[in-house]
Amino acid sequence: MLELNFIREQKTRIIEGLKVRNFPEADIEIINKIINFDDRRKELQTNLDNSLAERNKMSKQIGQLFKDGKRDEAEALREKVNALKEEYSTVEEELKGVIDQLNTMLLEVPNVPHPSVPAGSTEEDNEVYKAWADPLPELYEGAIPHWELAEEYGLFDLKLGTKITGSGFPLYRGYGARLERALINFFLDEGQKAGYEEIMPPILVNEDTARATGQLPDKEGQMYYVGKDNLYLIPTAEVPITNIYRDEILEASDLPVKLMGYTPCFRREAGSYGAHVRGLNRVHQFNKVEIVRIEHPDHSYEALEEMLQHVAGLLNKLELPFRILRLCGGDLGFTSALTFDFEVYSAAQKRWLEVSSVSNFETYQSNRMKLRFKNEQRKNQLVHTLNGSALALARIVAALLENNQQPDGIAIPKVLQTYTGFDKITK
RNA sequence: GGAGGAGUGGCAGAGCUGGUUGAAUGCACCGGUCUUGAAAACCGGCGUGCGAGAAAUCGUACCGGGGGUUCGAAUCCCUCCUCCUCCGCCA
């Protein structure tokens, strides 16, 4: 969430930002409301602190008076404190209420978009930032989409997944399972080379963790929830990995922190069926390697660029045609300041598939999770957090299968062959 | 799952028969003296949030979380969580 001081000082900038996001005009009033509540909060806090100071002073006197045997004076003072207490307890209660409401409102305000974020409301308005897909690949006559390839070569089975769990839970087998495992290892090895420390985190998280990275309350319905234990299945490794540093104060010399992790990811993706969600295009469980960075605020945008390079490098090595989009205000995630999406071209479906999302959250997450560092003045300052998929597997597999299909089999990109142990998928 | 013990500052560890204890002491860390340099020794500093203030600073809250008793709680009571030991079960 945004910092109160930031809201107070940069009110117009925030309102401009909300407009870029197409935040409903009527709801922008929340900013003024927040400031008013904050004024009241400060007033009450001062008030309460003064009363408490007085109480503490008198209580000390009472102790001394009892020691000195001046019982009557002590009793008299005690009466006075009791009277004071009634007075400040109402202040205390109001303050609690004001803080509660303030926090609720703060959770409703999304991050302020970076100045480079274009206005716009839908995917159509996203800006193509870079493209490595010219010309777009054309397949031979008779090429088929990945879900048909899967059936033909026995790579994954959605029907079995449905039998075992439900729709959207693919079961990979044979070549398909081995390809999946090869990709995970490839992505982790590349991350390792780029200086990311590998993490294998829990894939269920508690409420505090889900709130800190912004999944709660915003995306509550997006996560699978284990009610009996009050835990959530992670929608991305970003959640447990970033939370490693919740409530921490780092030294400037600890920065940057570069972490990555492979985990399965779970998303409920309620609604929507049809051609666009066939096969692996959209599933409830998929594998992903995520990279996470914790950066000095001065360097976070350099880091973002570096992450883009890293992801682009992976796709180039896999020889997949792709493009990078700069998301417009309307498509930008709630907690993000700037997001680039990577899309690979799926030649058989003749459409782009999103395979990675790389974002800078600036201080939005770090403020929620109280993640700070000691700056040059030895003051505690919020860090910037960033993360990106490097990469999400299901759709990469879809594109690989489709784009590399040949009449007699499916070719495996050169870099992957040492990982798969085979260079071609055949019947 | 059953029985018992414990959760205090970056770490270790006092306090826990309620009252200058935000918290002794040691280590770590930072600054200084000494030294050619380092170590040792000595001196000083060293938590976080909130509020007030231009600032120095002051006030306030925090001793696992929440609630209660009290003029006053790290210290007493309730509740939840976590960890440790023993038994049981188990990949």
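The figures here come from the full heavy-atom set of this structure, side chains too, leaving out hydrogens, waters and symmetry mates. Below, chain A is the first sequence line, B the second, and so on; all start at residue 1.
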Trainee: What distance, rounded to whole Å, do you find between the two P atoms, one in B:rG7 and one in B:rA74?
Mentor: 16 Å
Trainee: If you measure only the distance, is there a donor-acceptor pair under 3.5 Å linking the side chains of A:Glu198 and A:Gln192?
Mentor: no
Trainee: B:rG47, OP1 or OP2 - any side-chain N/O from A:Asn380 closer than 4.0 Å?
Mentor: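 No, A:Asn380 has no side-chain N/O under 4.0 Å of OP1/OP2 on B:rG47.
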Trainee: Taking the same atom, C1', in B:rU33 and in B:rA40, what whole-Å distance lies between them?
Mentor: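 About 13 Å, rounded to a whole number of Å.
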Trainee: In whole angstrom, give me the gap between the C1' atoms of B:rC83 and B:rU25.
Mentor: 25 Å
Trainee: OP1, OP2 of B:rU48 versus side-chain N and O of A:Lys374: anything below 4.0 Å?
Mentor: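 So the side chain of A:Lys374 is within the cut-off, an N or O lying under 4.0 Å from OP1 or OP2 of B:rU48.
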Trainee: Using ring centroids (six-membered ring only for Trp), state whether A:Tyr301 and A:His384 fall under 6.0 Å.
Mentor: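 Ring-ring flag for A:His384/A:Tyr301: false, centres at least 6.0 Å apart.
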Trainee: Let me know the distance between CG of A:Leu48 and P of B:rC62, rounded to the nearest Å.
Mentor: 11 Å
Trainee: Once you measure the plane-to-plane angle for A:Tyr419 and A:Phe186, does it fall in the parallel (<30°), tilted (30-60°) or perpendicular (>60°) bin?
Mentor: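 If you compare the ring of A:Tyr419 with that of A:Phe186, the planes turn out perpendicular.
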Trainee: Which whole-number value in Å describes the distance from A:Asn50 CG to B:rC50 P?
Mentor: 18 Å
Trainee: If the C1' atom of B:rG10 is compared with that of B:rG18, how far apart are they to the nearest Å?
Mentor: 30 Å
Trainee: In this structure, how many angstroms lie between the C1' atom of B:rC50 and the CG atom of A:Leu52, rounded?
Mentor: 12 Å
Trainee: Of the options B:rG51, B:rC71, B:rA61, whose atoms approach the side-chain atoms of A:Asn56 most closely?
Mentor: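 Per side-chain heavy atoms of A:Asn56, the pick is B:rA61.
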Trainee: To the nearest Å, how far apart are A:Glu75 CD and B:rG72 C1'?
Mentor: 14 Å
Trainee: Which label fits A:Tyr175 and A:Phe422: parallel for a plane angle under 30°, tilted from 30 to 60°, or perpendicular past 60°?
Mentor: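 Perpendicular: the ring planes of A:Tyr175 and A:Phe422 meet at over 60°.
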Trainee: Would you mind reading off the distance between A:Arg372 atom CZ and B:rC50 atom P, rounded to a whole angstrom?
Mentor: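 After rounding, the gap between these two atoms is 8 Å.
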Trainee: With a 3.5 Å cut-off and just heavy-atom distances, do the side chain of A:Asp49 and the base of B:rG51 make a donor-acceptor pair?
Mentor: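 Result: no qualifying N/O pair found.
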Trainee: Strictly below 4.0 Å: does A:Arg378 bring a side-chain N or O up to OP1 or OP2 of B:rG45?
Mentor: no
Trainee: How do A:Lys60 and A:Lys96 order along RNA chain B: which one's closest nucleotide is nearer the 5' end?
Mentor: A:Lys60
Trainee: Calculate the interatomic distance between A:Asn5 atom CG and B:rG49 atom P; express it in whole Å.
Mentor: 12 Å
Trainee: Applying a 3.5 Å limit to both distances, which nucleotide forms a Watson-Crick or G-U wobble pair with B:rC86?
Mentor: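 Base partner found: B:rG2.
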Trainee: Which is more 5' along RNA chain B, the nucleotide nearest A:Ile249 or the one nearest A:Glu54? Just name the residue.
Mentor: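 Upstream on the strand: A:Ile249.
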Trainee: Would you call the rings of A:Tyr224 and A:Phe266 parallel, tilted or perpendicular, taking 30° and 60° as the class edges?
Mentor: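 Plane angle over 60°, so perpendicular.
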Trainee: Would you mind pulling out the nucleotide paired to B:rU20, Watson-Crick or G-U wobble, both distances under 3.5 Å?
Mentor: none
Trainee: Is the ring pair A:His284/A:Phe169 parallel, tilted or perpendicular, if the boundaries are 30 and 60 degrees?
Mentor: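 Plane angle between 30° and 60°, so tilted.
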Trainee: From the set B:rA52, B:rC71, B:rC50, return the single nucleotide nearest to any side-chain atom of A:Arg78.
Mentor: B:rC71
Trainee: For atom C1', what is the distance between B:rG59 and B:rA38, given to the nearest Å?
Mentor: 45 Å
Trainee: With both distances kept under 3.5 Å, what pairs with B:rG72, Watson-Crick or G-U wobble?
Mentor: none
Trainee: Counting only Watson-Crick pairs (N1-N3 plus N6-O4 or O6-N4) and G-U wobbles (N1-O2, O6-N3), all under 3.5 Å, who is the partner of B:rC27?
Mentor: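 Partner of B:rC27: B:rG10.
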Trainee: In this structure, are over 12 heavy atoms from other groups packed under 6.0 Å from A:Glu354 atom CD?
Mentor: yes
Trainee: What's the closest nucleotide to the A:Ala53 side chain, out of B:rU60, B:rG51, B:rG72?
Mentor: B:rU60
Trainee: Hunt down the Watson-Crick or G-U wobble partner of B:rA41, both distances under 3.5 Å, from any strand shown, or write none.
Mentor: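 Per the H-bond distance test, B:rU33.
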Trainee: Watson-Crick or G-U wobble partner for B:rG51, using a 3.5 Å limit on both distances?
Mentor: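 Its partner is B:rC58 (Watson-Crick or G-U wobble, both distances under 3.5 Å).
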Trainee: May I have the distance from A:Asn47 (atom CG) to B:rA61 (atom P), rounded to whole angstrom?
Mentor: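 To the nearest whole Å, that distance equals 15 Å.
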Trainee: Tell me the interatomic distance from A:Tyr88, atom OH, to B:rG59, atom P, rounded to whole angstroms.
Mentor: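 The answer, rounded to whole Å, is 18 Å.
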